[in-house]
Undergrad: 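Below you will find the structure I want to go over with you.
Quick note on labels: first sequence line is chain A, next is B, and so on, each numbered from 1.
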There are 2 protein chains.
Amino acid sequence: MSWFAWGDPARARELDPGLRDLVAQVLRARFEALPPVPEEQVELPPTRLDARTRGLFAAVVGSEHVNAEDPVRLRHCGGKSTPDLLLRRAGTANPAPDAVLYPADHDEVERLLAVCSAERVAVVPFGGGTSVVGGVTPLRGGFRAVVALDLRRLDRLVSVDPVSMTAVLGAGVRGPHAEALLAEHGLTLGHLPQSHEYATIGGYAATRSSGQASSGYGRFEDMVVSLRVATPRGTLEAGGPPASAAGPDLRRLLLGSEGTLGVITEVGVRVRRTPERVLDEAWTFPDFRTGVDALRVLAQSDTRPTMARVLDESETFVGAAMGGREASPGCQAVLGFEGASAEVDARAAAVRELMAGAGGTPLGPEPVAHWRENRFSSPYLRDTLLSAGILAETLETAASWTGLLPLYAAVSAALTGALEGDEGGAVVMCHVSHTYPTGASLYFTVATAAGADPVARWGRAKRAASDAIMANGGTITHHHAVGADHRPWMAAEIGPLGGDVLRAVKAALDPEGVLNPGKLIPDPG
Amino acid sequence: MSWFAWGDPARARELDPGLRDLVAQVLRARFEALPPVPEEQVELPPTRLDARTRGLFAAVVGSEHVNAEDPVRLRHCGGKSTPDLLLRRAGTANPAPDAVLYPADHDEVERLLAVCSAERVAVVPFGGGTSVVGGVTPLRGGFRAVVALDLRRLDRLVSVDPVSMTAVLGAGVRGPHAEALLAEHGLTLGHLPQSHEYATIGGYAATRSSGQASSGYGRFEDMVVSLRVATPRGTLEAGGPPASAAGPDLRRLLLGSEGTLGVITEVGVRVRRTPERVLDEAWTFPDFRTGVDALRVLAQSDTRPTMARVLDESETFVGAAMGGREASPGCQAVLGFEGASAEVDARAAAVRELMAGAGGTPLGPEPVAHWRENRFSSPYLRDTLLSAGILAETLETAASWTGLLPLYAAVSAALTGALEGDEGGAVVMCHVSHTYPTGASLYFTVATAAGADPVARWGRAKRAASDAIMANGGTITHHHAVGADHRPWMAAEIGPLGGDVLRAVKAALDPEGVLNPGKLIPDPG
């Protein structure tokens, strides 16, 4: 994975000059290219890990699994938000972990946490490193040093139960690897977030991830049957039975804990049979409101597609333009159906009737095929734009159906208001990609000229959008998690007693506070 | 509600002498009638509530809403487990609350908790009083006194959002009242546990209740969109947006907290449109294994009934005998479908094909109609049997599909082993009534002669069954909750760190520990 960009460096592309000119015209701005500095010019702070502590880690994992070399530290110095990439492109790799540890299994993780706790070393669990909210930034807090705990060696399919349709996966298993391991048994997880190619099972659980087909497969947290978690105070196992009334569901306290309460090492998940049939259908609606209403009708019916999203006018237009296709007026929706053949056909027919009744016009499968081809490539496009001097970033929220369009208007206005000015304009696009009976998500994509100080420029826009979200009944994050970036809004999200609860749980499991300091949990008061 | 039995005293029945003789033959035992003592002979401990503290409570709710009279205390001295009823029938009402408080709203609840905390008075939230696990037993712990906090005045439909399909209900709204309030808007909750006629919305949330149609409507915890909770440290609100990744889901920490972490005062729930059509269908299977496998096929398909249960051979036989019908061999399953007419027909047709393919034979709707008529009457039958000297009690668990039949065998053997002996035999029956993709519940009903000491006799059986559950991959409770009765198994259920987490959360929200002491949360070590 590239140190300054998303994913595979071989897949990096230059921006087509024609497209560049078009974007310049739309944004009313000129761009200065923003190429990354050469890797050897990146400044890393010297490692603070002393030989004695290093020896303690090596005694657990072996000296070959404690790495303090600069290229390795650089590749663990944060996630993949646009500000993360901007800083790294400019040659800044501070903070960086003082070392990267590679435990082999649950027991080694537990023993490393005991060392970190005793030695006052902060520890940042690291899966795919795909956080876009500062979730893996190696903040040292008040500790002597900070290490990244890379879980890539926890990469096994631990067990499969094809009768109960469950499987246990190591936390370090990446999305495509999980699907390959399960496919050998004719099974699938069906969890495909945009980060799928790099993200890990443990990361999905730690961040309450939601995949593109969440309408059918559910959010990741709803797939989790059991969790095994290492903490500085020992092992916590939660879940197992299909349902229980034996007190609060402690799985749900660990799901979304973002490495602040423990390190998830194994995840028991519900699996499904590889679908016999995948059927796609695109639709067009005269406007966003009508398209959103149609998705609400589907989400509240007993007959739902497996995947459903509707793009606003701007994202529909830009999508067509980027794909070199003619932009049709209105808003596009893409639906997907997966399952047993007869069941898919019956479901698609019932949905077709609901969509037509809600004001939609069918466009056939082709636009969905186009979407499927490009579903994991947006982060590459972001890098192409960044290199050309165009800042592109996303943010997301969710609200009730009643509150959704007012929230959409408020966040759009906040973003536009914060970005329009001397440095040009902004294109703000949005889609609804996760629907529930009671509401839906909003996913915004923003493109604007990088300007003189792109990190500060985006920071202003992000703060304005986040404030608008909190003032208009949204959640600060629907599926990107909290990390360091959303933490300032957590007190508003969960209230003072909610913060007290999280701090109390943390004190019980991580008394020294070494686990991922500066993330998720708000400060008191 | 009767003080020594379930429900409405007018619905009490005597046991038919013919049936009595049949039961005697099956159980190889003679019964001594166990009539309740007259109410005036019940011994209540004197109230410990002093005038000053009573005045502090009255200052919050008004003196007419603080009641320390014996008939009221008696009706708040515990739940409705068979041991609860046996003790009360014998004239024992100890423990009893020292007074019963009736707050009008959330703010009064919060102020009462502050008084309890300052004055060291234990407080037991009381909804319908239907607990069968000692959840509302007024244990005083180490406190000066104990009061029951009866939430019946929190009985409003606070708000409805027919677009987002949500409603906010007061915690004290009873099941039928909730349905009546929602029906005015053409809506339903669809949550019908056996306790429905008396149980409250707050109790459903506090105990992670599951209704008879959970296959279609989901468990109560899955319907909860938001919670408002009063604690000794103030108000905690959780949830709201349809989904979020903003840290752990704190709703799930309050759901199932059984009044130990706070008092739930308002519950936001997902609602549905009143179904257009209800379609019932009974099936028969050659044996329990085949019937259970058929339910697994349904639960793992994308086409499910709204309600599905299968009875084992013994429960099938006894059900027919009690209904005066001819018992067919094998096992009976009852399915129900609710929803829009066309959708119900299509779903039922698809399910019919799966059931036939899994070895089932259709029996038509009649047996389901019989079940629907009697769905809430089993607790009355229990009282009839108790009066005749026949002990009848239930217990329940859940496990993965792989583990389900081994668990069934182990628990059946434990119950039979503990009860067979000089005092006669036992009939152990079981049904599966809640199914999930990864597993299902088991609900056991046991009938046996009361014997010389029925409370001790059932205690032995319950302990044997609970130990068998924990040793065979079950959960100590699928939907009856923990209370005082299951608390001894909680350390095994959630492990030592799980206990530490619950104690830490309790200390954060209820620093004096006045909320429902002796329930749910295991002791350390």
Undergrad: Given a strict heavy-atom distance threshold of 4.5 Å, which part of Arg273(B) is in contact with chain A: side chain, backbone, both, or neither?
TA: side chain

Undergrad: For each of Leu509(B), Ile521(B), Val225(B), tally heavy-atom pairs with chain A at distances under 4.5 Å, and name the one with the top tally.
TA: Leu509(B)

Undergrad: Where does His478(B) contact chain A at under 4.5 Å (heavy atoms): side chain, backbone, both or neither?
TA: both

Undergrad: In terms of heavy-atom proximity below 4.5 Å to chain A, should Thr303(B) be classed as side chain, backbone, both, or neither?
TA: side chain

Undergrad: Under 4.5 Å between any side-chain heavy atoms of Leu502(A) and Leu250(B), yes or no?
TA: yes

Undergrad: Quick check for you: among His486(A), His479(A), Gln300(A), which has the greatest number of heavy-atom pairs under 4.5 Å with chain B?
TA: Gln300(A)

Undergrad: Counting only non-hydrogen atoms closer than 4.5 Å, does Glu221(B) touch chain A with its backbone (N, CA, C, O), its side chain (CB onward), both, or neither?
TA: side chain

Undergrad: What part of Arg272(B) lies closer than 4.5 angstrom to a heavy atom of chain A: side chain, backbone, both or neither?
TA: side chain

Undergrad: When only pairs under 4.5 Å are counted, which of Arg233(A), Met165(A), Arg503(A), Glu258(A) shares the most heavy-atom pairs with chain B?
TA: Arg233(A)

Undergrad: Of the listed residues (Val501(A), Val505(A), Thr231(A)), which shares the most heavy-atom pairs with chain B below a 4.5 Å separation?
TA: Val501(A)

Undergrad: Is there a side-chain contact between Phe220(A) and Leu189(A), using heavy atoms and a 4.5 Å cut-off?
TA: yes

Undergrad: For residues Tyr443(A) and His480(A), establish whether the separation of their ring centroids is below 6.0 Å.
TA: yes

Undergrad: Could you go through the side-chain hydrogen bond (donor to acceptor under 3.5 Å, both in side chains) check for Thr475(A) and Glu493(A) one step at a time?
TA: CA-CA 7 Å; Thr475(A) 173; Glu493(A) 179 91 23; 2.7 Å; yes

Undergrad: Side chain, backbone, both or neither: which part of Asp500(B) has a heavy atom under 4.5 Å from chain A?
TA: both

Undergrad: Please walk me through it: do Thr260(A) and Asn516(A) pass side-chain hydrogen bond (donor to acceptor under 3.5 Å, both in side chains)?
TA: CA-CA 5 Å; Thr260(A) 64; Asn516(A) 220 3; over 6 Å; no

Undergrad: Can you tell me how far CG of Asp249(A) sits from CG of Leu253(B), rounded to the nearest 0.5 angstrom?
TA: 10.0 Å

Undergrad: Would you say the side chain of Trp401(B) lies within less than 4.5 Å of the side chain of Leu295(B), judging by non-hydrogen atoms?
TA: yes

Undergrad: For each of Ala481(A), Ala504(A), Gly247(A), Ala399(A), tally heavy-atom pairs with chain B at distances under 4.5 Å, and name the one with the top tally.
TA: Gly247(A)

Undergrad: Which bit of Leu520(B) is near chain A, if near means a heavy-atom gap under 4.5 Å: side chain, backbone, both or neither?
TA: side chain

Undergrad: Using non-hydrogen atoms only, which part of Ala440(B) is less than 4.5 Å away from chain A: side chain, backbone, both, or neither?
TA: backbone

Undergrad: Given that the side chain runs from C-beta out, which part of Thr235(B) has a heavy atom under 4.5 Å from chain A: side chain, backbone, both or neither?
TA: backbone

